Protein chains: 2
Amino acid sequence: MVTIAAPRLIDRLRSQRTQAPEGDLFDPDCPTRLVLDRIGDKWTALVVLLLSDGPMRFSELRGQLGRIAPKVLTQTLRRMERDGLLTREVFAEVPPRVQYTLTDLGHSLSGPLAAIGDWAEANVGRITAAQTAYDAVPGN
Amino acid sequence: MVTIAAPRLIDRLRSQRTQAPEGDLFDPDCPTRLVLDRIGDKWTALVVLLLSDGPMRFSELRGQLGRIAPKVLTQTLRRMERDGLLTREVFAEVPPRVQYTLTDLGHSLSGPLAAIGDWAEANVGRITAAQTAYDAVPGN
DNA sequence: CCGCATCCGCGATGATACTG
DNA sequence: CAGTATCATCGCGGATGCGG
């Protein structure tokens, strides 16, 4: 029933790659790997999805994420700012307010990420089922 | 110029969630988080993309991935097998041969993953540029 | 050829407490 | 409110060597 196939990446892989256009995921030395690392860290993907709806401030993000240490959230946001995924605006008010806004680059990532997220939410059941089935076999 | 938005996930987040249909990414206790962890680990995504083109054996994967320790590849493949993403077939030949094949579940993941991969390859330049720009500012 | 066993470093994550 | 500082942990990922 499932007939999705991965197109461009694999094609480029099969053909002898002489010069990657921009980046090559399968080149161990290509910084493209860094992108996957970022996406894969525990919070970046969630932050992108949250901010895709509009700017948020620190506490809002913290509340939505739940159980994230302030230090970790700061680290995540700083790294994302460095990567150009979001911008940070500090308002000299009392009480202080800091607003985080997704850049165009960040917005362009939210689409693919949402697809992954939807897939995850749709298929958790199958995965956990597969896990228990696997664990039920004595050999494993 | 970029106008992509993340749809369903956020909608579900905004509306008071009484009962998630299957899983809820923003619930800290939902195993959906595990999915992101898997995707985010260093090799799973690449393995899915490689296998989306057809079955491969251990050594082939190892060669394409480049610089992966056998132990780590084994761990990755076992975990993916447990999660129901691929199947493992051992052929009693000399020399022995072990073939890894993507399941339907695994194939259904390759689409979204390829999108992420394409995004990564297309935007590495912007990211690294943003990084050097960020690092050039004395304050950071 | 496949991959298991052992040892290990290190970065990511977290809990807690404190400050402008 | 929005962080910073400090300490502790934990498991990924890697190196190396051996076995079926």
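Given the structure is predicted, the values throughout are model-derived calculations rather than measurements.
Residues satisfying the salt bridge (Lys or Arg N to Asp or Glu O under 4.0 Å) test with A:Arg62, not counting sequence neighbours, are none. Here A:Arg88 pairs with nothing under the salt bridge (Lys or Arg N to Asp or Glu O under 4.0 Å) rule; sequence neighbours left out. For A:Arg38, the salt bridge (Lys or Arg N to Asp or Glu O under 4.0 Å) partners at least two apart in sequence or on another chain are A:Asp83. For B:Glu89, the side-chain contact (heavy atoms from CB on, under 4.5 Å) test picks out B:Phe91, B:Gln99, B:Thr101, with sequence neighbours left out. Applying the side-chain hydrogen bond (donor to acceptor under 3.5 Å, both in side chains) test to B:Trp119 and every residue at least two apart in sequence or in another chain returns A:Ser108, B:Asn123.
For residues 90-99 of chain A, proximity to DNA chain D is found at A:Pro95, A:Pro96, A:Arg97, A:Val98, defined as any non-hydrogen atom under 4.0 angstrom from a strand atom. Residues from residues 73-86 of chain B with heavy atoms under 4.0 angstrom of DNA chain C, sorted by number: B:Thr74, B:Arg78.
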Under 3.5 Å, sequence neighbours excluded: what are the donor-acceptor pairs made by side chains of residues 68-81 of chain A?
from: A:Thr74; atom 1: OG1; to: A:Pro70; atom 2: O; distance (Å): 3.0
from: A:Thr76; atom 1: OG1; to: A:Val72; atom 2: O; distance (Å): 2.9
from: A:Arg79; atom 1: NH2; to: A:Asp41; atom 2: OD2; distance (Å): 2.6

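A:Gly117 and B:Leu25 get closest at one heavy-atom pair: CA-CD1, 3.7 Å. When all heavy atoms of A:Met56 and A:Leu61 are compared, the closest pair comes out as SD-CD2, 3.8 Å. Across all their heavy atoms, B:Thr32 and A:Glu121 have their closest contact at CG2-N, 3.9 Å.
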Could you list, one pair per line, each protein nitrogen or oxygen that sits under 3.5 Å from a nitrogen or oxygen of nucleotides 14-19 of chain C, together with the distance?
from: C:dG14; atom 1: OP1; to: A:Lys42; atom 2: NZ; distance (Å): 2.6
from: C:dG14; atom 1: OP2; to: A:Trp43; atom 2: NE1; distance (Å): 3.0
from: C:dG14; atom 1: N7; to: A:Lys71; atom 2: NZ; distance (Å): 3.4
from: C:dG14; atom 1: O6; to: A:Lys71; atom 2: NZ; distance (Å): 2.2

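Side-chain contact between B:Val90 and B:Pro96 is absent, with no heavy atoms from C-beta onward closer than 4.5 Å.
Between B:Arg88 and C:dG3, a side-chain N or O to OP1/OP2 separation shorter than 4.0 Å is present.
Residue B:Leu113 forms a side-chain contact (heavy atoms from CB on, under 4.5 Å) with just one option from B:Leu49, B:Leu46, B:Thr44, and that option is B:Leu49.
Pairs passing the salt bridge (charged side-chain N to carboxylate O under 4.0 Å, His left out) check and including a residue from residues 127-140 of chain A, sequence neighbours excluded, read A:Asp135-B:Arg82.
Nucleotides of DNA chain D that come within less than 4.0 Å of any heavy atom of chain B span, from the 5' end to the 3' end, D:dG13 to D:dG20.
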